[in-house]
Amino acid sequence: MQPVLEVKNVTVRFGGVTAVDNASLTINRGDLIGFVGPNGAGKTTLMRVITGIVKPQEGEVLLEGGSLLGMSINQRIRAGLALAQQIVQPLRAMTLLENVALACGAAKTSNPLVAMRSFDRSAENQRAMELLTRVGLKDAAHSEPSKLPLGYLKRLEVARALALNPKLLLLDEPLAGLNQSEAQSLADLIKTLNADGLTILLIEHNLREVMRICPQVYVQELGRSLAFGPAKEIMARPDVIRAYLGGTVDA
Amino acid sequence: MAYEITLITSMAISVLFALSLNFITGFCGQISLGHAAFMGVGAYTTAAMMKAGVPFIATIPVAAVLAGCLGVLVGIASLRVRHDFLAITTMGVVFLFVGIVRQQDFLGGEIGISGIQASSFGRIGFMAFCLLLAAAFAVFSLVIKRSWMGFVFDSIADNEDVSRVLGIDVSKYKLIAFVVGTAAAGVAGSLYAQQFRFVGPDSFGFVESVSVLAMVIVGGIGSVWGVAVAAAGLSVMPLMIQFVDDYKILVYSALLFSMMRWAPDGLAGIVNRSVKRIRRRS
């Protein structure tokens with residue numbers, strides 16, 4: 001079976017600093033992969049290579065076999081990526097429902113000439129309501145984002161990403177800034193989405209939740225791929241523990 | 001009666017001009033401090049063509065196309081700049097425009113082009129024509145605002161990075177806003193040339209660009225009726241009140257300042273809030 005996403009030997013240098021060094025990662029359909037690593041491991045940089053914000057000096061990124069390099073971020077989104085960002089960015093002048101409905105209208109907004117002649121929003125509003133219900137925001141659908149707490153906006157990011165019907169959902173630290181119970185319930189949601197067939201790459205610092213919901217983890221250290229495989233096995237490896245805790249570990 | 005006709009005609013031209021900027025700045029959130037340049041392109045096109053014997057009505061589409069083409073160029077150049085930088089870039093455009101026009105003999109240089117023929121409409125017919133065009137563009141604006149294109153414009157004005165993450169081709173939509181807005185400004189310029197029978201480089205400079213921005217801001221950025229009302233009001237004020245005419249820039253700037261300070265959402269915002277308050281009370 002063809003992988004959903006392949007990152008092949010990607011290297012990114014910023015001046016003299018090598019942020020990502022020959023990293024490779026393969027994501028298959030239906031995977032839920034936890035992408036972990038200590039601070040400065042180049043996680044965000046690799047994510048930015050996938051979304052197209054950072055251009056790699058070497059290597060390739062393929063989505064279902066087609067190269068993404070040279071495509072702008074909006075083209076990559078149209079090709080099947082969706083992104084929930086670490087720093088929540090709601091469209092502040094719109095309600096949550098409108099935020100999601102706009103993403104649902106991708107078929108209408110891809111061509112401005114079609115957008116100009118389309119007025120009906122009922123189908124998109126209905127689908128947006130379903131998605132908001134799914135992420136537990138039904139009651140806040142008509143609220144404005146500025147009046148809502150962070151936990152809601154993190155879920156809005158997820159709902160908006162789902163609205164794009166992605167082949168691969170990229171989640172950048174969705175649990176950061178949430179309290180334990182909020183984090184746990186959002187992690188449960190991520191697990192359910194995956195169980196329903198969505199392929200997900202989850203960058204996350206909250207190891208406890210990653211270990212709880214992700215069958216597989218990908219560990220990066222100092223820009224290099226350190227380990228990739230079943231979560232429990234990998235996190236028991238001495239070199240992974242060393243990367244996280246520093247120094248040597250005596251067995 | 002002749003005075004009222006002149007007044008209403010100028011008003012209609014100002015409304016069309018202000019609504020054309022509103023399409024770019026109000027709908028799509030792209031600030032422009034050089035919008036008068038596009039009106040200038042339209043005005044000079046009509047003036048030069050009519051001098052060469054082309055009938056007025058035939059010059060309007062040419063004025064729109066030329067202004068729109070310059071709009072595309074400026075739009076493409078502006079795609080990489082935002083906010084304050086876009087304001088400075090567009091300001092540069094209007095200085096460039098005036099600077100270039102001044103040096104062209106075929107455009108009359110410093111003196112401009114005078115003695116433009118009257119159209120075959122007659123005074124009243126021309127007034128009706130201007131009103132019709134202003135009304136048509138207002139209706140077009142309202143329709144776009146309600147469409148999915150308006151929805152996308154809202155998102156770009158709100159946060160263009162988010163629009164990109166939602167798969168929207170921001171550059172394409174911005175260019176469309178620039179083309180539509182600048183072409184409409186070209187038409188307004190065409191009408192201006194016919195109204196005054198004279199065009200000169202000083203009529204389309206930085207001051208005029210700020211004046212039209214003042215109309216948009218006083219009316220309420222993005223609100224079609226608010227901008228139309230403000231443009232109508234601000235354009236006739238100098239004609240009706242001598243003091244305003246003498247101190248036009250002072251009055252406009254004071255209005256601009258007060259609006260930004262106390263009611264950044266303009267007349268439209270003030271009215272909307274008052275209506276809400278009255279409804280809540282009853």
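Chain letters run A, B, ... following the sequence lines, proteins first and then strands; every chain starts at 1.
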Q: Would you name the heavy atoms of A/L164 and B/V165 that are closest together and state the gap between them?
A: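 Heavy atoms only, the tightest pair is CD1-O, 3.8 Å.
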Q. Quick one: what part of B/F140 sits under 4.5 Å from any heavy atom of chain A, side chain, backbone, both or neither?
A.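 Only the side chain of B/F140 comes within 4.5 Å of chain A.
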Q.
With a 4.5 angstrom heavy-atom cut-off, is it the side chain or the backbone of B/I144 that approaches chain A, or both, or neither?
A.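 It is the side chain, since no backbone atom gets that close.
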How about the chain B/chain A donor-acceptor pairs under 3.5 Å, what are they, with distances?
{"residue": "B/W148", "atom": "N", "partner": "A/A115", "partner atom": "O", "Å": "3.2"}
{"residue": "B/W148", "atom": "N", "partner": "A/S118", "partner atom": "O", "Å": "3.0"}
{"residue": "B/W148", "atom": "NE1", "partner": "A/D120", "partner atom": "O", "Å": "3.1"}
{"residue": "B/M149", "atom": "N", "partner": "A/A115", "partner atom": "O", "Å": "3.2"}
{"residue": "B/D158", "atom": "OD1", "partner": "A/R92", "partner atom": "N", "Å": "3.2"}
{"residue": "B/D158", "atom": "OD2", "partner": "A/R92", "partner atom": "N", "Å": "3.1"}
{"residue": "B/D158", "atom": "OD2", "partner": "A/A93", "partner atom": "N", "Å": "2.8"}
{"residue": "B/G167", "atom": "O", "partner": "A/R78", "partner atom": "NE", "Å": "2.7"}
{"residue": "B/G167", "atom": "O", "partner": "A/R78", "partner atom": "NH2", "Å": "2.8"}
{"residue": "B/Y173", "atom": "OH", "partner": "A/T109", "partner atom": "O", "Å": "2.6"}

**Q.** Pairwise side-chain contact, A/L102 with B/I168, heavy-atom cut-off 4.5 Å (strictly under)
**A.**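 Yes, close enough: below the 4.5 Å cut-off.
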(Q) Going by ring pair (Phe, Tyr, Trp, His ring centres under 6.0 Å), name the residues that satisfy it together with B/F178, two or more places apart in sequence or in a different chain. (A)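 With sequence neighbours excluded, B/F178 shows a ring pair (Phe, Tyr, Trp, His ring centres under 6.0 Å) to no residue whatsoever.
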Q: Under 4.5 Å, heavy atom to heavy atom: which of residues 182-190 of chain B reach chain A? Give them by number, or say none.
A: none
Q | Gap between atom CD1 of B/I156 and atom CG of A/L91 - 0.5 Å precision | A | 10.5 Å
Q: Taking side-chain contact (heavy atoms from CB on, under 4.5 Å) as the test, write out the residues that go with B/C130, two or more places apart.
A: B/T9, B/A12, B/I13, B/F126, B/L191
Q: For atom CZ of A/F119, decide whether the heavy atoms of other residues, nucleotides or ligands shown that lie under 6.0 angstrom number more than 12.
A: yes
Q. Between A/A106, A/A161, A/G105, which shows the greatest number of heavy-atom pairs under 4.5 Å with chain B?
A.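 Heavy-atom pair counts peak at A/G105.
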